[in-house]
Amino acid sequence: MTRFTVNGQPIRYLLDPETPLLWALRDASNLTGTKYGCGAGLCGACTVHVDGNAVRSCQVAIGTLEGSFVATIEALSRDRGHPVQQAWIAEAVPQCGYCQSGMIMAAAALLARNGNPSDGDIDAAITNICRCGTYPRIRRAIRAAAAVAAGRVTLEGGPAPGIDPADATRAVPAMTVARPPE
C-alpha cells in the first residue's frame, strides 16, 4: 500500500509499488489530464508536480512517493485562472493539444522557482516535445505568464470548464455503476 497526497487529497493506492505514477493517476484516480506520450520520459506529456518539481510521471514508481505531494493539471486551477493557463490561451499556444498539460505543468514549475526566466532558462526547463512545433508561442506564453504573476499585466482566462473536476468521474458512463431496473 502506498500513501501520498494527490491534488490536495490523501490517497492510498493498493497497487504494486512499481506501478508508474502515470498509470496510478490515469487508471486508479481517473485524472486523465496527464497524458501518456512515449513511456520513456522523453516527451514530457506526462509531466506533473511532485513536491513542487516538474516530474515525468511515467518514470516514477508510486512506491518511491510515500509522503509526497503530487499535483496534476486538474489541480493547477479549477477555473483556468492560473497565469500559465491564461497566457496559453492568450498566446494561442495549442494546436493538437496533446502535449499541453505536461507543457503547462513544466512551465508552472519553472515560474514557481524563477519569476523572470530568460530564454535560456525556459529552454533548459521546458524539454517537453511539441510535435506541432509551437515553441515560439510557448516561449511568449511563459514570458506573459511571468508578467501576469508579477502583476505587470492582466490577461483574461478562458471559459471555465463545463464540469467540476470532482464530478468528472460521475459524468463518464463507463465509470458509473449500473443499477438494475426496478
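One is the number of the first residue; the rest follow in order along the sequence. What you see below is based on every heavy atom in this structure, not just the backbone, and it leaves out hydrogens, waters and symmetry mates. Computed from a predicted model, the values in this text were never measured in an experiment.
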Side chain to side chain contact (heavy atoms under 4.5 Å, CB included) assessment of Met103 paired with Ile126: CA-CA 7 Å; Met103 233 9 128; Ile126 311 299; 3.5 Å; yes
Quick check: closest heavy atoms across Gly41 and Cys58, and the distance to 0.1 Å? N-SG, 3.3 Å
Could you grab the distance from atom OH of Tyr13 to atom CD1 of Ile62, nearest 0.5 Å is fine? 7.5 Å
Could you measure the distance from the NZ atom of Lys35 to the CG atom of Leu22? Nearest 0.5 Å is fine. 10.5 Å
Flag for Arg56-Thr127: side-chain donor and acceptor within less than 3.5 Å: yes
Show your working on side chain to side chain contact (heavy atoms under 4.5 Å, CB included) between Arg80 and Gln86 and close with a plain yes or no. CA-CA 7 Å; Arg80 298 182 184 152; Gln86 291 177 354; over 6 Å; no
I'd like to know if Leu15 and Val6 are part of one continuous hydrophobic network [Ile/Leu/Val/Met/Phe/Trp/Tyr, side-chain heavy atoms within less than 4.5 Å]. yes
Is a donor on one side and an acceptor on the other found under 3.5 Å between the side chain of Asn7 and the backbone of Thr72? yes
Quick one: do Ser118 and Arg143 satisfy side-chain hydrogen bond (donor to acceptor under 3.5 Å, both in side chains)? Show the steps, please. CA-CA 9 Å; Ser118 67; Arg143 283 194 219 107; over 6 Å; no
Under a 3.5 Å distance rule, please check whether Ser57 uses its side chain to pair with a backbone N or O of Cys46 as donor and acceptor. yes
Shortest non-hydrogen separation from Ser68 to Phe4 and the atoms involved: O-CB, 3.3 Å
Please find the pair of heavy atoms, one from Ser77 and one from Gly81, that lie closest to each other, and give the distance. OG-N, 2.8 Å
Could you tell me the separation between the CD atom of Gln85 and the CG atom of Leu155, rounded to the nearest 0.5 Å? 12.5 Å
So which heavy atom on Ala24 is nearest to which on Thr19, and how close? N-CG2, 4.2 Å
Given 3.5 Å as the limit, does a donor-acceptor pair link the side chain of Arg152 with the main chain of Val148, or not? no
What is the distance from atom OG1 of Thr47 to atom CG of Asn128, rounded to the nearest 0.5 Å? 4.5 Å
Does anything in residues 12-21 pair up under salt bridge (charged side-chain N to carboxylate O under 4.0 Å, His left out), and if so which pairs, sequence neighbours excluded? none
Minimum-distance pair of heavy atoms, taken over all atoms of Arg137 and Gln95: NH2-NE2, 2.9 Å
Is Leu31 close to Arg26 at the side-chain level, that is, under 4.5 Å between some pair of heavy atoms? no
Where the side chain of Arg3 meets the backbone of Ile11, is there a donor-acceptor pair that is under 3.5 Å apart? no
Any non-hydrogen side-chain atom of Asp121 less than 4.5 Å from a side-chain atom of Asp123? no
Distance in Å, Ser29 OG paired with Leu21 CG, rounded so as to fall on 0.5 Å steps: 9.0 Å
Ignoring hydrogens and geometry, is there a side-chain-to-backbone donor-acceptor pair from Tyr135 to Ile129 under 3.5 Å? no
Pro94 and Thr134, any side-chain heavy atoms less than 4.5 Å apart: no
Taking the side chain as everything from C-beta on, heavy atoms only, tell me whether Ile138 gets closer than 4.5 Å to Cys130. yes
Shortest non-hydrogen contact from Val84 to Ala107? CG1-CB, 4.0 Å
I'd like to check His49 versus Val70 (side-chain heavy atoms, cut-off strictly below 4.5 Å). Are they in contact? no
Could you give the distance from CD1 (Ile142) to CD1 (Ile122), rounded to the nearest 0.5 Å? 5.0 Å
